[in-house]
Number of protein chains: 2
Amino acid sequence: MTSKSTMREVAGKAGVSIATVSRVINSPDEVPTETVERVRAAMRYLNYRPNINGRRLKMAQTRSVGVLVPTMANPVFATSVQGIEQAAHEDGLTVLLTSSNYDPQRELGAVSTLLNNRVDGLILTLANADDNPVIDLLKAENIPFVLLFNQPARTDVASISVDNARSAYDMTQAMIAQGHTSLAMVAGRFESSDRSKQRFDGFGQALSDAGLGAARLCQVGFGETELFTPLKSFLTGPDAVTGLVCSTDMLAIAAISACRDHGLSVPGDVSVGGIDGIAVGGLISPKLCSAIQPTQEMGQQALAFLRGLIRGQANPQSLILPHQLSTGESIGPARHSSSPRL
Amino acid sequence: MTSKSTMREVAGKAGVSIATVSRVINSPDEVPTETVERVRAAMRYLNYRPNINGRRLKMAQTRSVGVLVPTMANPVFATSVQGIEQAAHEDGLTVLLTSSNYDPQRELGAVSTLLNNRVDGLILTLANADDNPVIDLLKAENIPFVLLFNQPARTDVASISVDNARSAYDMTQAMIAQGHTSLAMVAGRFESSDRSKQRFDGFGQALSDAGLGAARLCQVGFGETELFTPLKSFLTGPDAVTGLVCSTDMLAIAAISACRDHGLSVPGDVSVGGIDGIAVGGLISPKLCSAIQPTQEMGQQALAFLRGLIRGQANPQSLILPHQLSTGESIGPARHSSSPRL
DNA sequence: ACTGCCAATGTAAACGTTTCAAATGTTCAT
DNA sequence: ATGAACATTTGAAACGTTTACATTGGCAGT
């Protein structure tokens with residue numbers, strides 16, 4: 001009774017054919033109760049467990065979806081995966097998880113593995129959604145997929161995201177409204193994240209609309225939490241800023257920490273805003289001011305959307321969800337500029 | 001060229017038999033270079049993609065592992081999954097991800113699904129590792145598995161964890177060393193997490209060893225971040241504590257937030273310590289003092305361990321990794337007890 | 001020229017399902 | 001009795017692999 005018994009054995013035990021056993025499994029209503037019971041009893045007795053791989057080989061669908069995220073180490077993605085997993089569970093779908101570590105090279109490999117697994121569809125967060133061999137591959141193979149967090153310019157792919165430029169724009173404007181005129185953005189590398197670039201664009205637009213000159217940028221590697229050195233020239237000296245707009249909440253939290261290490265208070269000396277809306281942002285002090293996106297719901301929606309695509313009931317389409325500026329404590333009035341730090 | 005071409009078509013195109021194609025895929029060295037090239041060319045031409053399900057049906061192994069965690073929303077688990085995924089990727093293994101939401105009911109269902117998928121092995125974080133039908137099932141089916149974070153009393157299962165009681169003990173002792181005599185533990189529900197219980201035991205032991213009376217407990221639901229009300233009676237009034245030992249870092253961060261909302265400073269009025277060592281703890285202010293476990297590495301090790309079990313090269317065994325008390329700022333000297341709060 | 005060997009390849013039988021078409025009853029009106 | 005209509009059930013052929021075993025042909029040794 002260790003494990004593997006087959007439909008054939010169950011059929012033998014129950015005195016029916018494997019076709020009947022199959023029907024008991026897949027459409028018990030078409031089989032007389034008495035037979036169903038007999039077969040079920042045999043299954044229990046033999047400890048039968050259907051071999052999904054047998055079924056998958058035979059059927060067109062595998063009832064599995066592939067998920068690719070940059071990393072689980074960032075709560076944004078972890079939370080979205082939580083949403084995906086939850087929705088998948090409710091649908092009886094199996095989730096195959098991969099991560100790219102923000103490396104476009106690995107994206108292609110990971111997706112290829114997923115395709116070999118014959119997943120019914122994919123949910124992806126890519127480094128760059130507009131010019132990406134992964135998308136070409138998926139298009140060519142004609143397999144349903146939904147981009148999550150990516151906000152592609154092309155309109156022939158499904159995506160669920162917030163308006164990245166706009167969320168950065170709003171956050172920047174909130175700072176400007178507090179009197180900040182000397183701002184910089186802290187952002188992840190553009191080649192690793194198109195969101196990063198889009199958010200920087202929004203930042204620049206807000207500055208330009210307010211007549212505030214060129215956008216300054218502090219670009220850092222992903223996964224980086226040590227921002228003391230990268231931010232040094234932005235926080236000290238004659239060009240010191242009074243506000244930092246960060247392209248992600250993780251960066252914002254790291255930036256606040258770096259400010260502290262430079263002996264600056266937030267928001268007293270420097271205001272810091274993030275984008276993403278990770279849960280921990282609401283618990284720390286100062287409470288992080290962020291452009292919040294409904295991360296977990298986005299994951300759930302992505303799966304629902306994907307299901308539609310798989311069933312052929314939906315067309316690729318971009319869903320831009322509203323973001324919401326949180327009332328955080330990490331942003332305050334600009335420190336008067338006549339008392340520069342050194 | 002949409003997608004699905006089979007080995008048979010490749011064989012036809014290359015003018016060989018499917019056996020040869022299979023050999024080219026699995027052991028190219030046993031096939032003359034010239035033939036390998038011809039077959040590979042046919043594969044490229046036909047856009048061939050091996051159907052893993054065909055292979056899985058035939059072979060004993062599926063080269064996939066199942067992962068079950070309580071939730072992705074807690075960075076501890078997300079980070080461990082990151083470690084697992086990374087190691088799995090290096091091994092060419094596919095990861096099937098499920099989460100239980102801390103619900104023992106769902107644990108069984110999730111594992112059952114994983115088993116239907118014929119995973120080669122499992123990595124699990126269970127609510128309760130000592131008396132759990134999931135473990136009985138896995139034992140009965142004789143399928144390799146490694147518990148992660150769980151620290152079972154039984155010695156016949158493989159596990160990777162820290163010494164939970166000890167880490168709570170050490171944290172508590174660190175507070176006592178700072179003069180704290182009135183402490184309470186904030187912990188997740190024991191029925192949802194045996195770690196929680198073990199850590200509470202360590203907490204109690206430390207108090208008892210220091211002759212400090214009964215252990216007080218504030219038990220909260222998992223995922224809970226609103227601790228203002230639950231902690232009210234611990235933070236105010238005649239029985240107010242000067243220190244909170246929290247069973248997880250997430251709880252500790254939430255507890256610090258709750259203290260703030262009660263108008264108490266950390267560590268000025270109340271010291272707060274956590275257990276887990278999530279990354280964000282090191283970035284917040286005050287820097288969270290925690291009993292740190294190498295979360296991501298534990299995930300990687302769990303996979304390496306599991307691989308050994310699958311190959312039959314290793315025996316189930318408990319790995320207790322050392323934890324490390326971080327030098328956090330969230331713990332300070334006890335506020336003098338002659339000025340009680342109300 | 002025969003034998004024996006070896007390298008290269010092919011044949012065919014699984015693996016555990018699903019599902020179509022066909023077979024076997026059963027019931028009932030004629 | 002006969003056969004139509006129907007409810008149950010079955011046989012058998014896939015699905016795309018892997019692999020034990022058989023076949024082929026070339027070549028060296030005698």
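Residue numbers begin at 1 in each chain, while the letters A, B, ... track the order of the sequences. Nothing here was measured: the structure is a model prediction, and the numbers come from that model.
- The side chain to side chain contact (heavy atoms under 4.5 Å, CB included) check on A/T33 picks up nothing, with sequence neighbours excluded.
- Taking all atoms of both residues into account, the shortest heavy-atom contact from B/A78 to B/M72 is CB-O, 3.7 Å.
- For B/T98, the side chain to side chain contact (heavy atoms under 4.5 Å, CB included) partners are A/E85, B/L68, B/A110, B/L114, not counting sequence neighbours.
- For the helix from C/dA1-D/dT30 to C/dT30-D/dA1, the terminal axes (five pairs an end, C1' atoms, rotation from four pairs onto the next four) enclose an angle of 60°, given to 10 degrees.
- Rounded to a whole Å, the CG atom of A/N117 is 13 Å from the P atom of D/dT17.
- The interatomic distance linking B/M43 (CE) with D/dT17 (C1') rounds to 12 Å, in whole Å.
- For A/N150, the side-chain hydrogen bond (donor to acceptor under 3.5 Å, both in side chains) test picks out A/D194, with sequence neighbours left out.
- For residues 114-144 of chain A, no pair satisfies ring pair (Phe, Tyr, Trp, His ring centres under 6.0 Å), with sequence neighbours left out.
- Here the P atom of nucleotide D/dT8 and the CD atom of A/E30 are 10 Å apart, to the nearest Å.
- Atom CZ in A/R56 sits about 16 Å away from atom P in D/dT17, given to the nearest Å.
- B/F149 pairs by the ring-ring contact (aromatic ring centres under 6.0 Å, His included) definition with B/F77, not counting sequence neighbours.
- Qualifying side chain to side chain contact (heavy atoms under 4.5 Å, CB included) partners for A/A153, counting only residues two or more places apart in sequence or in other chains: A/D130.
- For A/S17, the side chain to side chain contact (heavy atoms under 4.5 Å, CB included) test picks out A/A19, A/T20, with sequence neighbours left out.
- Sequence neighbours left out, the pairs with a member in residues 298-310 of chain B that pass side-chain hydrogen bond (donor to acceptor under 3.5 Å, both in side chains) are B/D91-B/R307.
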- Task: Do nucleotides 18-24 of chain D as a string where each nucleotide becomes B, S or -: B if the base has a protein heavy atom under 4.0 Å, S if just the sugar-phosphate does, - if no protein is that close.
- Result: BB-----

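- Bracketed by its first and final contacts, the part of DNA chain C lying under 4.0 Å from non-hydrogen atoms of chain B reaches from C/dA8 to C/dG16 in 5' to 3' order.
- Within 4.0 Å (heavy atoms only), B/R8 reaches at least one base atom of the nucleic acid.
- Salt bridge present: A/E34 and A/R38 bring a charged side-chain N and a carboxylate O closer than 4.0 Å.
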Without placing hydrogens or testing angles, list every side-chain donor-acceptor pair under 3.5 Å for residues 120-127 of chain A, not counting sequence neighbours.
unit_1: A/D120; atom_1: OD1; unit_2: A/T62; atom_2: N; d: 2.9
unit_1: A/D120; atom_1: OD1; unit_2: A/T62; atom_2: OG1; d: 3.2
unit_1: A/D120; atom_1: OD2; unit_2: A/T62; atom_2: N; d: 3.4
unit_1: A/D120; atom_1: OD2; unit_2: A/R63; atom_2: N; d: 2.7
unit_1: A/T125; atom_1: OG1; unit_2: A/L148; atom_2: O; d: 2.8

